[in-house]
Amino acid sequence: MKCSHGDLMFKQTFLLHFCNLSANCWSHLYAVNMLNSYNVKLYHSKALTSPYPGSHVERSQVPANKVGWLTEWKDYNPVEYTAKSVLAGPSWADPQINDKGFSPKFNERDGEVERKSLNGTYVVENGRPRNPVGRTGLTGRGLLGRWGPNHAADPVVTRWKRDGSGNKVAHPVTGKNILQFVAIKRRDCGEWAIPGGMVDPGEKISATLKREFEEEALNSLQKSPEEKAELEKQLHKLFSQEHSVVYRGYVDDPRNTDNAWMETEAVNYHDETGETLDNLPLEAGDDAGMVKWVDISEKLKLYASHSYFIKLVTEKRGAHWSENPGPECHE
């Protein structure tokens, strides 16, 4: 990775369900005294929502003061749920914990599968990994394939919004230039998102970032060898340049359970001049229903914690984010 220490550590304040710390925010956020690699606290919000994605399963309700494992709760009775698609035993999923011959090595590299968390060592209780941020009201794996951390990569590909003459467009209220990013509309839930995806066993994060962008935003899986070669040429310049890691760690995701959770590395690839990306033939593919360039602002409602990652990019680039700089909570 060609990232400076400053890039890796440029953001020190983390709220997954992000908002400024006004009093009315705290009722919507469940704080747990656990730090990620950026020395920032992690929260549960989307990981407590019901019904569980793709099902009619309702999580057991978890009060705000009972999320953290340090709080004793003898009557905690979470619902057990693992989707049929996971139990069917696809290549991307682990077997059940008690299956014969399955001896996962948690908190370490297990063959080609990375079972280490980006947030440090997690507890393994009764043979099952325990969600490091706290209770979710649901045990098992839900839709997630791996017990413990499920690693993803999110490429935030950006350019400046420009007018017909090629000049950067500034926001009329803040005067800051408007940044655009490539967004996909997810087929599974219909929400707009960063075109990211899961890290394949043995795959480097840098390879995942590029592959997922090609598959979801450029429909590379349906391209001819000649078309693929042309895409590779265009993207090589973008993905081989300096880039910024905007976040590494646990993600507040609606698919998370007490025993399986999402972690990601979100990386910003920025085309300052627009020369590389302006001619990129965006075409939805794989898990994407639609794909387009989207103007970035706080009004965006994105999947999981993606709005937070986008906000970090605007801060890094000095771009427009909010017309209201005052304290405000976004539910």
Side-chain angles (χ1 to χ4, degrees), residues 1-4 6-7 10-11 153-185 192-196 206 209-220 222-224 226-247 266-285 288-303 306-325:
M1 300 286 271
K2 300 176 183 176
C3 306
S4 69
D7 280 336
F10 81 83
K11 186 64 180 175
D154 290 306
V156 185
V157 175
T158 57
R159 70 180 183 187
W160 295 109
K161 184 175 185 177
R162 297 176 187 273
D163 60 22
S165 304
N167 301 309
K168 293 178 184 177
V169 176
H171 191 273
V173 175
T174 63
K176 291 183 175 180
N177 292 330
I178 297 172
L179 205 58
Q180 296 180 316
F181 84 107
V182 175
I184 61 159
K185 194 169 189 180
W192 287 93
I194 297 164
S206 57
L209 290 159
K210 186 164 175 285
R211 174 179 59 76
E212 286 293 338
F213 185 77
E214 290 177 347
E215 290 177 3
E216 298 202 345
L218 303 174
N219 199 19
S220 63
Q222 302 300 319
K223 302 290 187 192
S224 69
E226 293 76 25
E227 290 171 320
K228 270 188 188 174
E230 186 55 37
L231 280 181
E232 287 287 339
K233 207 185 299 177
Q234 285 180 273
L235 286 177
H236 177 75
K237 187 178 176 185
L238 178 70
F239 280 86
S240 60
Q241 69 178 10
E242 293 288 325
H243 48 268
S244 299
V245 177
V246 293
Y247 180 74
V267 180
N268 178 214
Y269 295 92
H270 180 65
D271 183 9
E272 181 63 29
T273 63
E275 292 171 7
T276 304
L277 294 175
D278 282 354
N279 299 316
L280 214 55
L282 296 182
E283 182 185 342
M290 290 173 62
V291 60
K292 66 177 182 179
W293 285 100
V294 173
D295 291 1
I296 294 176
S297 82
E298 68 171 349
K299 294 172 185 172
L300 286 176
K301 301 293 181 200
L302 301 177
Y303 179 76
H306 291 191
S307 292
Y308 177 73
F309 303 154
I310 295 296
K311 182 174 187 272
L312 292 185
V313 172
T314 64
E315 292 177 5
K316 173 71 176 174
R317 302 285 170 196
H320 168 72
W321 173 254
S322 172
E323 293 178 29
N324 307 301

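Positions are given from 1, in the same order as the sequence printed here. Quantities reported herein were computed from a predicted structural model and do not represent experimental measurements.
For Gln234, there are no side chain to side chain donor-acceptor pair (under 3.5 Å) partners at least two apart in sequence or on another chain. Every residue was checked against the salt bridge (charged side-chain N to carboxylate O under 4.0 Å, His left out) condition with Lys228, not counting sequence neighbours, and none meets it. Residues satisfying the side chain to side chain donor-acceptor pair (under 3.5 Å) test with Glu226, not counting sequence neighbours, are Ser224. Under the rule for a side chain to side chain donor-acceptor pair (under 3.5 Å), Ser165 has no partner lying at least two apart in sequence or in another chain. With sequence neighbours excluded, the residues that form a salt bridge (charged side-chain N to carboxylate O under 4.0 Å, His left out) with Glu230 are Lys233. Partners of Arg211 under the salt bridge (charged side-chain N to carboxylate O under 4.0 Å, His left out) rule, at least two apart in sequence or in another chain, are Asp200, Glu203, Glu215. With sequence neighbours excluded, the residues satisfying side chain to side chain contact (heavy atoms under 4.5 Å, CB included) with Val294 are Phe181, Ala183, Lys292, Leu300. Partners of Lys210 under the salt bridge (charged side-chain N to carboxylate O under 4.0 Å, His left out) rule, at least two apart in sequence or in another chain, are Glu214, Glu232. Every residue meeting the ring pair (Phe, Tyr, Trp, His ring centres under 6.0 Å) condition with Trp160, not counting sequence neighbours, appears here in chain and number order: His270. With sequence neighbours left out, Phe239 forms a ring pair (Phe, Tyr, Trp, His ring centres under 6.0 Å) with Phe213, Tyr269. Partners of Asp154 according to the side chain to side chain donor-acceptor pair (under 3.5 Å) rule, which considers only residues two or more places apart in sequence or in another chain, are Thr264.
Sorted by first and then second residue, the salt bridge (charged side-chain N to carboxylate O under 4.0 Å, His left out) pairs with a member in residues 163-181 read Lys168-Glu272; sequence neighbours excluded.
Residue Leu209 holds its CG atom at 8.0 Å from NE2 of His243, rounded to the nearest 0.5 Å. Of the inter-residue distances, the one linking Asn268 atom CG with Ile310 atom CD1 reads 8.0 Å to the nearest 0.5 angstrom.
Between the side chain of His306 and the backbone N or O of Ala193, no donor-acceptor pair lies under 3.5 Å.
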Yes or no on side-chain contact (heavy atoms from CB on, under 4.5 Å) for Val156 and Val267, after CA distance, side-chain angles and deciding distance? CA-CA 6 Å; Val156 185; Val267 180; over 6 Å; no
